[in-house]
Amino acid sequence: MEGMHEEPEPQEDSGHVREGHAEIVDAAKKEEHHEDVKEKLKRKEFEIFVGGLDKDATEDDLRKVFSEVGNVTDVRLMMNPQTKKNKGFAFLRFATVEQAKRAFTELKNPLVLP
């Protein structure tokens with residue numbers, strides 16, 4: 001029968017290919033999420049929590065005190081948006097885990113003066 005085009009028959013495993021592809025994409029997303037979580041946890045090892053701060057303490061005050069034990073790479077001083085003063089706590093990140101541990105052990109009750 002010339003001139004007639006036969007429609008290709010549907011492949012039996014075409015659904016499996018799509019499903020398999022979806023599983024691969026899903027696995028890749030899970031792996032990426034897992035890596036993100038591992039990275040965040042690793043970064044947390046470099047951080048310490050500092051509480052009981054004077055409401056007038058600044059990031060510079062914290063850097064001045066904690067730089068005595070290591071290289072402070074980041075200070076997240078939690079602020080009250082209404083009063084524009086800090087909430088009395090902060091998170092400090094150090095260049096190395098060892099420095100963070102040293103800050104934690106050596107500066108148990110640091111005096112941070114504004």
Side-chain angles (χ1 to χ4, degrees):
M1 302 189 158
E2 288 184 46
M4 293 184 96
H5 296 291
E6 289 186 32
E7 299 263 335
E9 291 186 29
Q11 295 179 353
E12 289 183 32
D13 19 301
S14 64
H16 295 293
V17 171
R18 285 191 193 118
E19 187 176 302
H21 178 69
E23 288 173 8
I24 290 170
V25 170
D26 194 38
K29 285 182 181 179
K30 284 181 183 177
E31 180 64 26
E32 184 179 318
H33 174 72
H34 180 69
E35 291 300 317
D36 288 346
V37 170
K38 277 177 37 178
E39 181 64 30
K40 286 178 184 176
L41 289 173
K42 186 176 181 181
R43 280 185 289 187
K44 293 289 183 192
E45 292 176 6
F46 291 73
E47 285 186 350
I48 63 168
F49 170 84
V50 180
L53 296 171
D54 183 280
K55 300 290 185 198
D56 293 319
T58 66
E59 287 185 19
D60 287 340
D61 297 329
L62 290 165
R63 284 185 190 278
K64 190 183 306 179
V65 171
F66 285 90
S67 65
E68 294 176 16
V69 294
N71 180 15
V72 178
T73 61
D74 187 38
V75 176
R76 292 189 335 243
L77 183 58
M78 302 298 115
M79 302 298 286
N80 180 325
Q82 280 80 33
T83 65
K84 306 291 189 232
K85 294 191 181 254
N86 75 61
K87 293 181 177 182
F89 67 96
F91 297 91
L92 281 73
R93 183 173 297 144
F94 289 83
T96 67
V97 173
E98 292 75 24
Q99 291 172 0
K101 288 179 181 178
R102 185 172 171 214
F104 184 77
T105 57
E106 291 184 21
L107 297 174
K108 284 288 187 188
N109 294 307
L111 185 58
V112 179
L113 298 173

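Each residue takes its place number in the sequence, starting with 1. Note that the structure is predicted; figures quoted are calculated from it, not measured.
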>> Applying side chain to side chain contact (heavy atoms under 4.5 Å, CB included) to D61 and L53, what does each step give before you reach the verdict?
In response: CA-CA 10 Å; D61 297 329; L53 296 171; over 6 Å; no
> Taking only residues two or more places apart in sequence, or in another chain, which ones meet K87 in a salt bridge (charged side-chain N to carboxylate O under 4.0 Å, His left out)?
Replying inline: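 Applying salt bridge (charged side-chain N to carboxylate O under 4.0 Å, His left out) to K87 gives none.
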>> Checking K85 now: which residues fulfil side-chain contact (heavy atoms from CB on, under 4.5 Å) with it, not counting sequence neighbours?
In response: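 K85 satisfies side-chain contact (heavy atoms from CB on, under 4.5 Å) with K55, D56, T83 only.
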> Taking only residues two or more places apart in sequence or in another chain, which ones pass side-chain contact (heavy atoms from CB on, under 4.5 Å) with E98?
Replying inline: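 Checked E98 against side-chain contact (heavy atoms from CB on, under 4.5 Å); matches are T96.
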> Quick one: which of V75, T58, L92 gives a side chain to side chain contact (heavy atoms under 4.5 Å, CB included) with R63?
Replying inline: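 So the option named by the test is V75.
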For the student: nearest non-hydrogen atoms of [X] and [Y], plus distance:
| X | Y | result |
| --- | --- | --- |
| I48 | A103 | CD1-CB, 3.9 Å |
| F49 | F91 | CD1-CE2, 3.6 Å |
| V72 | S67 | CG2-N, 4.0 Å |

Just by distance, do the side chain of [X] and the backbone of [Y] share a donor-acceptor pair under 3.5 Å?
| X | Y | result |
| --- | --- | --- |
| N86 | D54 | yes |
| R102 | V69 | yes |
| Q99 | N71 | yes |

>> Quick check for you: to the nearest 0.5 Å, what is the distance between F89 atom CZ and R76 atom CZ?
In response: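 Rounded to the nearest 0.5 Å, the CZ-CZ separation comes to 9.5 Å.
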>> Between F46 and T73, does the side chain to side chain contact (heavy atoms under 4.5 Å, CB included) criterion hold? Intermediate values first, please.
In response: CA-CA 10 Å; F46 291 73; T73 61; over 6 Å; no
